[in-house]
Structures are given as structure tokens and as C-alpha cells.
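For ligands, and for the atoms within them, numbers begin at 1 and follow the listed sequence. Remember, it's a predicted structure, so these values are computed and weren't measured experimentally. The first residue in the sequence is number 1, and the count goes up from there.
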Amino acid sequence: MTELARIIAKEIRETGRMPVSRFMALALGHPQHGYYITRDPLGTDFTTSPEISQMFGELIGAWAADIWAQLGRPDTVHLVELGPGRGTLMADALRAASAQPGFAGATHIAMIETSPVLRDTQQRTVAPIAQAKGFAPPSWHTSIDALPDGPLIVIANEFFDALPIRQFVATDDGWRERCVAEHNNRLVFVPGASLLPSIALPPDALNADPGSILETCPAGAAIAQRLAQRINAHTGAALIIDYGHTKSAVGDTLQAMRNGAFVPVLETPGQADITAHVDFETLAGAARPATIVHRPTTQGDFLLALGIAQRAAALAQNASAQNADAINAAATRLTAADAMGTLFKVMAITSPGLMPAGFPAGF
Ligand code: SAH
């Protein structure tokens with residue numbers, strides 16, 4: 001057992017079966033042993049779009065600068081990133097967005113990050129570029145609640161997949177919370193107390209077979225709702241990019257990754273990345289009462305609409321033959337259906353009257 005698994009087992013002995021959401025929150029965020037708290041996992045356990053190519057952050061930077069222009073170039077705008085990892089996306093975005101005259105001077109950069117290790121990395125990556133491009137020094141916060149009022153442009157790439165989910169398992173006597181227990185010195189999944197979750201069940205949950213799993217992400221829905229309310233009150237936009245599905249459905253998507261390979265979810269808490277697919281239908285439902293939700297599109301269609309092919313061609317033209325191949329391979333990896341182009345979805349939430357680039361018209 002890992003150190004954190006022993007701590008979890010002790011808590012289970014003291015207080016009983018632990019909901020999956022508590023297990024996931026501890027595995028990722030335990031103050032001493034949580035996966036994100038203790039390390040920089042990018043590049044070893046998994047990689048992300050901004051780490052694959054600078055084009056990703058550049059296109060998003062241009063997207064953000066365009067939103068600012070559509071907002072009427074306000075004197076102050078908060079450019080916020082949720083879960084910025086190594087800061088690569090923000091650094092590339094600032095470089096591209098600073099081409100928009102006036103943007104750097106108006107922008108306050110706010111990084112929302114819980115990991116002290118990653119905050120240090122972000123500081124080293126983002127602060128020098130912010131300074132070189134004429135932005136005020138970035139600030140760091142642990143929650144969006146700390147953001148000051150004012151127009152907002154929010155970017156979240158692979159953030160929502162790291163938020164704790166609840167799972168429910170279908171049994172002969174109804175849906176029960178899925179929990180974690182200890183058995184023979186190992187952590188195992190068990191059904192918890194019988195309950196009917198107070199959530200809207202997707203249609204396929206009504207006659208699900210015993211053993212089927214249903215997931216909800218209350219933390220994600222709450223953040224989407226709060227962002228939408230702030231955007232409604234102060235204008236702005238949020239861009240959410242993640243792997244997941246556009247329709248809620250029954251299915252177990254909880255997964256753990258270590259050294260680039262899938263490992264059993266309960267085996268090495270604190271030492272493996274644990275994520276779940278993002279249910280965009282639920283995020284959209286949480287945001288829609290407050291403001292406008294633009295229909296989710298795929299990462300492939302989004303990046304192609306923003307001009308990734310043209311950007312790759314321009315970069316390749318000035319590169320060695322070997323680098324040109326790498327640039328084109330990266331563009332393909334980000335957009336191809338059999339790579340990241342289709343599994344990853346992109347959703348925008350905006351105040352009324354904005355036309356976020358890369359989204360087909362319609363809501
Ligand atoms: N966006 C980055 C990193 C994705 S990994 C990229 O695309 O490369 C997930 C990021 O979210 C990490 O920076 C992690 O520390 C952060 N994170 C996870 N849970 C969080 C929480 N509850 N609040 C703020 N940041 C969180």
C-alpha cells in the first residue's frame with residue numbers, strides 16, 4: 001500500500017465506507033501526499049495539448065484577445081486560467097495575444113492552482129513572458145471565489161477532469177453510492193447505502209443493468225455555475241476543453257494513469273493521476289440558467305476553425321525538415337479523430353452578444 005492508501009484505510013476503519021468522491025479528492029489533493037500536491041506529473045505520467053505544441057496556446061491566446069475586442073476593449077479584463085499545469089498554455093497565449101494592441105495593458109492574469117509545486121513552475125514559465133510582453137505580474141489563487149469583479153476571460157484545459165466525481169452503482173434495489181472499503185489489506189469498491197441520488201438521471205439509467213455505473217461531478221457543476229454567474233454579472237467568456245462526452249450517459253470513466261499507462265484506480269493513490277471524463281451536458285446545464293452556452297464542438301473542429309493548419313504551415317516553412325515534420329505531426333495529433341481531435345470537446349460560455357471564434361453559430 002502507498003502511504004496515502006494507508007491513511008485512507010485508517011479513515012475507512014474509523015468512519016466506514018468512503019465515497020469515491022472523497023477517495024478521489026484525497027488521492028489528488030491530500031495536503032501532504034496528494035498526487036498534484038507533491039509533483040509535476042506532466043511529461044511523465046501524461047501529457048496535454050499545450051505540452052504537445054505551442055500552437056495550442058497561441059490559438060487560444062488569439063481567441064482570448066478576440067473576445068476582449070468583442071467586449072469593446074475594456075480597460076480592465078481578468079485573464080484567468082484554471083489548473084494551469086506548467087504554465088505552458090498561458091505563456092504561449094500571452095505571446096500570441098500581445099499582438100492585439102492594448103490587450104497586454106488591460107489584462108490582469110490570474111492563475112487558479114492548488115499545487116505548490118506547479119505554482120512554482122508556473123511562476124517561472126509565465127512571469128518572465130508577462131513582463132517581456134507588457135502585462136502586469138500574474139497573481140495566484142486557490143479558488144475562483146478569490147477573483148476580483150470585472151470582465152473575465154477564463155481558460156480551462158484538462159481542469160474539470162481532475163475534479164472529484166461521485167459514482168453510483170445500479171443494484172437490484174436501486175442506485176447506491178459507490179464507495180471504497182478495505183479488504184485483506186487492499187482497497188476495493190463496494191456499494192454504499194441505498195439511495196436515489198437527487199440528480200436528473202440520464203434516460204439510459206432508467207433500465208440500467210445491475211453493476212452499471214453512473215457519475216456526477218458536483219464540484220465541476222458548481223464551478224461552471226459560478227463562472228456563468230460572474231460572466232453574466234461582469235461580461236466575458238469561459239473556454240472549457242477536456243475529454244468527455246456531450247450527452248450524459250451511464251458508464252464508468254474513472255481512470256488512473258502512471259508513467260503513461262493505465263493502472264487500477266485504487267492501487268496507488270497519491271502516485272497515479274486519477275481523472276474522469278467530463279460530462280459537458282451537465283456543465284452546460286449548470287451554466288445555462290445564468291448565461292449563454294455555445295454548443296460544444298470537438299477539439300479538432302475548433303482548432304481547424306481557428307487556423308491550426310495555416311499556423312503549422314507558417315511555422316514549418318521556417319523550420320528544418322525534421323522540425324517541420326514534428327510541427328505537422330503535432331497538428332495532426334491535436335486534431336485527428338484517432339488522436340485527440342474527437343475525444344476532446346470544447347465548450348464556450350459567454351455573456352450575450354459574443355460570437356466566440358471556432359464555434360458554429362447556434363446554441
Ligand atoms: N491545464 C494544464 C494542466 C492540466 S493537469 C495543461 O493543459 O497542461 C490539471 C491541473 O489542475 C494541474 O495544474 C492541477 O494542479 C490543477 N488542479 C487540480 N485540481 C484543482 C483544484 N481543485 N483547484 C485548482 N487547480 C486544480
For this session: Report, in ascending order of atom number, the atoms of ligand 1 lying under 4.0 Å from any heavy atom of L118.
Result: 12 (C), 13 (O), 15 (O)
Exercise. Is there any N or O on N157 that sits under 3.5 Å from an N or O of ligand 1?
Worked result: yes
For this session: Classify the contact between T88 and ligand 1 as side chain, backbone, both or neither, using a heavy-atom distance cut-off of under 4.0 Å.
Result: neither
Exercise. Quick one: which of Y35, Y36, F159 has a heavy atom closest to atom 5 (S) of ligand 1?
Worked result: Y36
Problem set entry | Ligand-side contact atoms (ligand 1) for residue partner S115, heavy atom cut-off under 4.0 Å | 15 (O)
Exercise. Parallel under 30°, tilted from 30 to 60°, perpendicular over 60°: which one fits the rings of H277 and Y243?
Worked result: perpendicular
For this session: Please name the residue in the list T48, T121, D40 that meets the side chain to side chain donor-acceptor pair (under 3.5 Å) test with R86.
Result: D40
Exercise. Are L42 and ligand 1 in contact, using a heavy-atom cut-off of under 4.0 Å?
Worked result: yes
Problem set entry | Backbone of R13 reached by a side-chain donor or acceptor of E182 within 3.5 Å | no
For this session: Below 4.0 angstrom from a heavy atom of T114, which ligand 1 atoms are there? Numbered from 1 as shown, please.
Result: 17 (N), 20 (C), 21 (C), 23 (N), 24 (C), 25 (N), 26 (C)
Exercise. Hey, does F160 have a side-chain heavy atom less than 4.5 Å from the side chain of C217?
Worked result: no
Seminar exercise, completed: Among S143, G83, G220, A219, closest by heavy atom to atom 3 (C) of ligand 1 is G83
Exercise. With a 4.5 Å limit on heavy-atom distance, are the side chains of D273 and Y36 in contact?
Worked result: yes
Exercise. If you count the atoms of ligand 1 from 1 in the order shown, which ones are under 4.0 Å from a heavy atom of P50?
Worked result: 6 (C), 7 (O), 8 (O)
For this session: Indicate yes or no: does an N/O atom of G85 lie under 3.5 Å from an N/O atom of ligand 1?
Result: yes
For this session: On the 0 to 90° scale, with breaks at 30° and 60°, tag the F359-H294 ring pair as parallel, tilted or perpendicular.
Result: tilted
Exercise. Is the shortest N/O to N/O distance between T48 and ligand 1 below 3.5 Å?
Worked result: yes
Exercise. In Å and rounded to the nearest 0.5 Å, what is the CD1 to CD1 distance from I240 to I349?
Worked result: 4.0 Å
For this session: Decide, yes or no, whether a salt bridge links E11 with R22 under the criterion of side-chain N to carboxylate O below 4.0 Å.
Result: yes
Exercise. Given Q122 and W140, is the side chain to side chain donor-acceptor pair (under 3.5 Å) satisfied, shown in steps?
Worked result: CA-CA 10 Å; Q122 291 157 17; W140 273 263; 2.8 Å; yes
Exercise. What is the nearest protein non-hydrogen atom to atom 4 (C) of ligand 1, stated with its residue, atom name and distance?
Worked result: E158 O, 3.4 Å
Exercise. N/O of E113 under 3.5 Å from N/O of ligand 1, yes or no?
Worked result: yes
For this session: Please indicate whether any nitrogen or oxygen in A162 is less than 3.5 Å from any nitrogen or oxygen in ligand 1.
Result: no
Problem set entry | Donor-acceptor pair, side chain of D161 and main chain of T275, under 3.5 angstrom | no
Exercise. So which bit of L163 gets within less than 4.0 Å of ligand 1, heavy atoms only: side chain, backbone, both or neither?
Worked result: side chain
